[in-house]
Amino acid sequence: MIWGERCDRGSGTVVAAGLIGMLVTLLLTVLALLAAVRASTTARTAADLGALAGAGRLVAGENACAAAESIIRANGAAMTGCRVAGSEVTVTTAVSSRMPGWPDAIAIARAGPPIQPTGPPTRRQPGKLPVRRPAMTSRRGPPPPRIGAIS
């Protein structure tokens with residue numbers, strides 16, 4: 001056999017193996033990112049629901065942290081902290097990303113009683129935007145005359 005006649009033999013296999021290796025690496029990277037997003041979403045959802053449950057139990061005079069922990073565990077997270085300050089409950093949750101070397105997803109949520117409106121209730125019809133009324137008068141007096149205006 002003369003050198004150069006069949007020197008490309010098997011190069012398709014090497015190229016195919018390289019492409020398959022790149023696709024597998026890309027797939028594993030996407031799966032790792034999806035696992036991290038899932039863990040983050042689970043941690044945030046569990047923290048929000050746990051804080052709301054704790055605030056509801058606090059208003060009823062019950063143990064807020066115990067209620068929050070049961071809801072957080074039911075949503076697949078672990079409660080790493082709970083603090084009651086006045087009428088507000090703050091909880092911290094953690095969820096494992098299940099990827100070696102990746103940190104846990106951590107979320108913090110705070111809940112308390114609703115804020116009471118200070119002014120009179122407004123009457124708003126569904127589907128209609130509120131109307132802005134212009135100010136009645138200015139405290140600085142009348143506006144200056146326009147230049148070139150006819151009096």
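Numbers for residues simply follow the sequence, beginning at 1.
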Problem - In one Ile/Leu/Val/Met/Phe/Trp/Tyr side-chain cluster, 4.5 Å: L33, M99 - result: yes
Practice task
Tell me whether L49 is reachable from V91 by hopping between hydrophobic residues (I, L, V, M, F, W, Y) whose side-chain heavy atoms are closer than 4.5 Å.
Solution key: no
Handout entry: Under 3.5 Å: donor-acceptor pair, side chain of S97, backbone of D104
Key = no
Practice task
Measure the shortest side-chain to side-chain distance between I106 and T93 over non-hydrogen atoms and say whether it is less than 4.5 angstrom.
Solution key: no
Handout entry: Any side-chain heavy-atom pair of C65 and V84 under 4.5 Å
Key = yes
Problem - Single-linkage hydrophobic cluster, 4.5 Å side-chain cutoff, V95 and L34 together - result: no
Fill in the blank from the handout: Here the pair of heavy atoms bringing A53 nearest to I71 is CB-CG1, 3.6 Å
Handout entry: Interatomic distance, T80 atom OG1 to E69 atom CD [nearest 0.5 angstrom]
Key = 10.5 Å
Handout entry: Whether S70 side chain and A67 backbone form a donor-acceptor pair below 3.5 Å
Key = yes
Practice task
Please confirm whether the backbone N or O of A36 pairs with a side-chain atom of S40, one donor and one acceptor, at under 3.5 Å?
Solution key: no
Handout entry: Residues L27, L23; criterion side-chain contact (heavy atoms from CB on, under 4.5 Å); working and verdict
Key = CA-CA 6 Å; L27 178 67; L23 288 175; over 6 Å; no
Fill in the blank from the handout: Looking only at heavy atoms, the pair that brings G54 and A64 closest together is O-CB, 3.2 Å
Problem - Nearest atoms (heavy-atom pairs only) where A39 meets S96 - result: CB-O, 3.9 Å
Exercise for the section: Mind listing the closest non-hydrogen atom pair of T90 and R110 along with its distance? Expected result: OG1-CG, 3.6 Å
Handout entry: R98 vs R38 side-chain heavy atoms within contact, under 4.5 Å
Key = yes
Exercise for the section: Work out which heavy atom in A109 is nearest to a heavy atom in D48; give both atom names and the distance. Expected result: CB-OD1, 3.4 Å
Exercise for the section: For I72 and A46, work out which heavy atoms get closest and say how close. Expected result: CG1-O, 3.4 Å
